[in-house]
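As the structure is a prediction and not an experimental result, all values here were calculated from the model. To find a chain, count down the sequence lines: A is the first, B the second, and so on, and within it residues start at 1.
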There are 2 protein chains.
Amino acid sequence: MATMTLRDIAKALDLSVSTVSKALRDSYEIGEDTKKRVAAYARANHYLPNRMAKSLKEGKSGSIGVVICSIDNSFVSRMLDGIDSTCTQAGYDIIIMQNKESLAQEKACLNQLEARGVEGILISPSAETVNFEHLAALKDTGMPIVLFDRISEQFESYQVGIDNRRGAFQATQHLIANGYRRIALLTLSPDVPFAAQRREGYANALKQHHIPYRPAFVRTVQAHGREALKDSVRAHIRALLDLPEPPEALFAATDQLSTQSLAALHQLGCQIPGDMALIGFSNTELADMLTPPLSTVYQPAFQIGQLAAEKLIELITGKDRSPDYETVRLPIRLDLRDSSRPRFQATV
Amino acid sequence: MATMTLRDIAKALDLSVSTVSKALRDSYEIGEDTKKRVAAYARANHYLPNRMAKSLKEGKSGSIGVVICSIDNSFVSRMLDGIDSTCTQAGYDIIIMQNKESLAQEKACLNQLEARGVEGILISPSAETVNFEHLAALKDTGMPIVLFDRISEQFESYQVGIDNRRGAFQATQHLIANGYRRIALLTLSPDVPFAAQRREGYANALKQHHIPYRPAFVRTVQAHGREALKDSVRAHIRALLDLPEPPEALFAATDQLSTQSLAALHQLGCQIPGDMALIGFSNTELADMLTPPLSTVYQPAFQIGQLAAEKLIELITGKDRSPDYETVRLPIRLDLRDSSRPRFQATV
DNA sequence: CTGTTAGCGCTTTCAG
DNA sequence: CTGAAAGCGCTAACAG
């Protein structure tokens, strides 16, 4: 009773295996009555086709690999939800692997997925991934790949994310519009493509408003682990506050960085936005309820996941006939709240 | 160059397929030099064993199925991280499926996973899952199953979660200790096992302190979708506030319910804890930074995931020889903050 | 309309 | 020490 196979049901019904197979797949070359008998027996005995066998035979696994930095991240899990929703609908299931911001791990994930026979890969590269040779090699193998979230201009492929330059530009410009001129940036290494793009957006906004770019105001967080990152953020913020002329506002260029900045500022007894205004990339639904309500650059996470998955499925099923690669940049939304309220405005 | 098989390498090295297979698995019956040649060629040509074939042959897939309500939930994703960490270490990979709180979906997930040949299943049942026949049937098939998070006393199996009764008891008792007597409960239907347990804990605490149980104070949220849930929470809270004698404190018995309650109370212009104290089940790292800082019943999510996965792997590998089922109930931690600060105490 | 056959890539007896 | 052969469960020609 363990697992029922086509042969079992063929034997029971005194048919051949292939007849049963075809009957189950509703082939035109099988008689109605036979189909019914087979279907009835299968249902009654809870027959489940063995997908490993089917996959092996057909050379298709019906699954899609997804590589992300960490599943324990609200922004990421929102994207995963989007990915899952379109994949499930299309009949694919997904195998999720975490690179934990390590290039070595990322390669291991990719190998696993390839060995598993996934039909395509959705990947948001690790923070250590500064070149894309391993992905290029995989792509040359014929594996459909779509980059999402952490997109890169160095790598030719389909990509879905946001316009990082523009998002960072808008956030910085918003601070400027609200009267801040000494604006710090907390971000990741410029080796990380999306971080470099956000850095540019920040710099461009300053430039456009004739505000000098001060290297001391641009802080690069290298740490990745949960605790290490927390400590690093705190150290950077303390360093900013200790500057002879400290900044009046901070733009945190990452989801994690934003919430950790808020925490660190609290811990250091810093008034927001009185002592330091704050805006960050963040998708937390709790932004409204934070102290103070946190201004955020909101990314359409679910939609990014959906679109990336749709694109990948087009590639897999060969619906995509276009010769060129395409990068979809979804618009961000600026959710302005108290943490970046205009300078010198009376507190409500 | 697409995918290299054992046959390809056998042909290239003028060996037989079985020799190559054995060489790669370092069999004692293969000569050292042959092994080296094979290994070298395999590495040089980026040979990856086809896991579908291996799985089919061995009847083992090397994968574990995980069913959760929704991946887009910080508590869940934390547990998933725990699961993934132990599974990856043990060489299993995981296939995650969402039931979206629907029993029908849950069954579909289970079928999928079974067909995929997973070697065991970790499941946190949907809110609609009030009986466990489908799980029992699957278990009788020989499929190792471990319930996590949403554990049930109706279903005999290995389970890992928290002591819901005790957690709810402690939370309620804390409110009582802080001077609140009119305490409302916002929870899910008692048909949901863990919700029933929390309800009991709440009731027991009241009873032990000779506080009457008022049905009007116990609100059951039926909705599940993101928006529907939000609306439902708001409606319930409004109803509570509109009572002739409204409650002074609220205990929200779920992660989602807690944050939505906070949001709703804000929206309705209610002071916390002045007009209504609040404590909730929640794992958000942002609790400290909410307005006001939110008192929470903190569950060791990562550890729940880890333990459940460890147990499952023991079952799969047959290390578990104990005849009886076991339910591990991890202790919760009460993180007390301002939202449930003592009644009549001066605001800081 | 139904059955026979071959084979997906791999592991595993069983012979050489 | 190496190879030939069978078979995991399924599908897809190709025959009947």
Side-chain angles (χ1 to χ4, degrees), chain A residues 1-39 41-42 45-63 111-112 114-119 141-142, chain B residues 1-39 41-42 45-63 111-112 114-119 141-142:
Chain A
M1 236 252 86
T3 27
M4 145 139 325
T5 73
L6 278 191
R7 200 165 61 201
D8 298 330
I9 128 162
K11 201 168 295 175
L13 265 43
D14 200 42
L15 288 170
S16 79
V17 173
S18 66
T19 302
V20 175
S21 170
K22 285 173 189 156
L24 253 12
R25 335 187 75 242
D26 199 33
S27 162
Y28 65 97
E29 39 180 352
I30 301 291
E32 276 311 318
D33 46 338
T34 313
K35 278 183 189 169
K36 265 176 207 145
R37 283 207 309 149
V38 171
Y41 188 89
N45 295 64
H46 188 61
Y47 165 76
L48 282 176
N50 180 323
R51 289 197 57 178
M52 293 189 283
K54 186 173 146 117
S55 296
L56 176 58
K57 174 65 187 174
E58 297 183 331
K60 309 183 170 221
S61 63
S63 60
N111 278 342
Q112 279 259 10
E114 198 184 350
R116 266 251 176 266
V118 297
E119 295 183 42
T141 271
Chain B
M1 235 252 90
T3 28
M4 145 139 325
T5 73
L6 278 190
R7 199 166 61 199
D8 297 330
I9 130 163
K11 201 168 294 172
L13 266 42
D14 201 40
L15 289 169
S16 80
V17 173
S18 63
T19 302
V20 175
S21 172
K22 287 171 187 158
L24 251 14
R25 333 189 80 244
D26 199 32
S27 162
Y28 65 96
E29 41 179 353
I30 301 292
E32 276 311 317
D33 47 337
T34 313
K35 279 184 189 168
K36 264 175 208 148
R37 283 207 309 148
V38 171
Y41 188 89
N45 295 65
H46 189 61
Y47 167 76
L48 283 175
N50 180 324
R51 288 197 58 178
M52 291 188 283
K54 184 173 149 121
S55 297
L56 175 58
K57 175 66 187 174
E58 297 182 334
K60 309 184 169 216
S61 63
S63 60
N111 279 342
Q112 279 259 9
E114 198 184 351
R116 265 248 176 269
V118 297
E119 295 183 44
T141 271

Student: What nucleic acid atoms does B/Tyr28 come within less than 4.0 Å of, heavy atoms only: base, sugar-phosphate, or nothing?
Tutor: nothing
Student: Go nucleotide by nucleotide along DNA chain D from the 5' end; which of B/Glu29 and A/Thr5 gets its closest nucleotide reached first?
Tutor: B/Glu29
Student: With a non-hydrogen cut-off below 4.0 angstrom, is A/Ser55 in contact with a base, only sugar-phosphate, or nothing?
Tutor: nothing
Student: Between C/dT2 and A/Ser18, counting only base atoms on the nucleotide and side-chain atoms on the residue, is there a donor-acceptor pair under 3.5 Å?
Tutor: no
Student: For A/Lys35, I'd like to know if atom NZ has over 12 heavy atoms of other residues, nucleotides or ligands within 6.0 Å.
Tutor: yes
Student: B/Gly59 near the nucleic acid: base, sugar-phosphate alone, or nothing, with a heavy-atom cut-off under 4.0 Å?
Tutor: nothing
Student: How many Å lie between OH on B/Tyr47 and P on C/dG9, as a whole number?
Tutor: 10 Å
Student: Are a donor atom and an acceptor atom from the side chains of B/Ser21 and B/Ser18 found within less than 3.5 Å of each other?
Tutor: no
Student: Is the shortest side-chain N/O distance from A/Ser16 to OP1 or OP2 of C/dG3 below 4.0 Å?
Tutor: yes
Student: 5' to 3' on DNA chain D, which nucleotides open and close the contacts with chain B (atom under 4.0 Å from a heavy atom)?
Tutor: D/dC1 to D/dG9
Student: Once you apply a heavy-atom cut-off of 4.0 Å, does B/Lys57 come out as touching a base, just sugar-phosphate, or nothing?
Tutor: base
Student: Please report, rounded to the nearest Å, how far the P atom of C/dC10 is from the CZ atom of B/Arg25.
Tutor: 11 Å
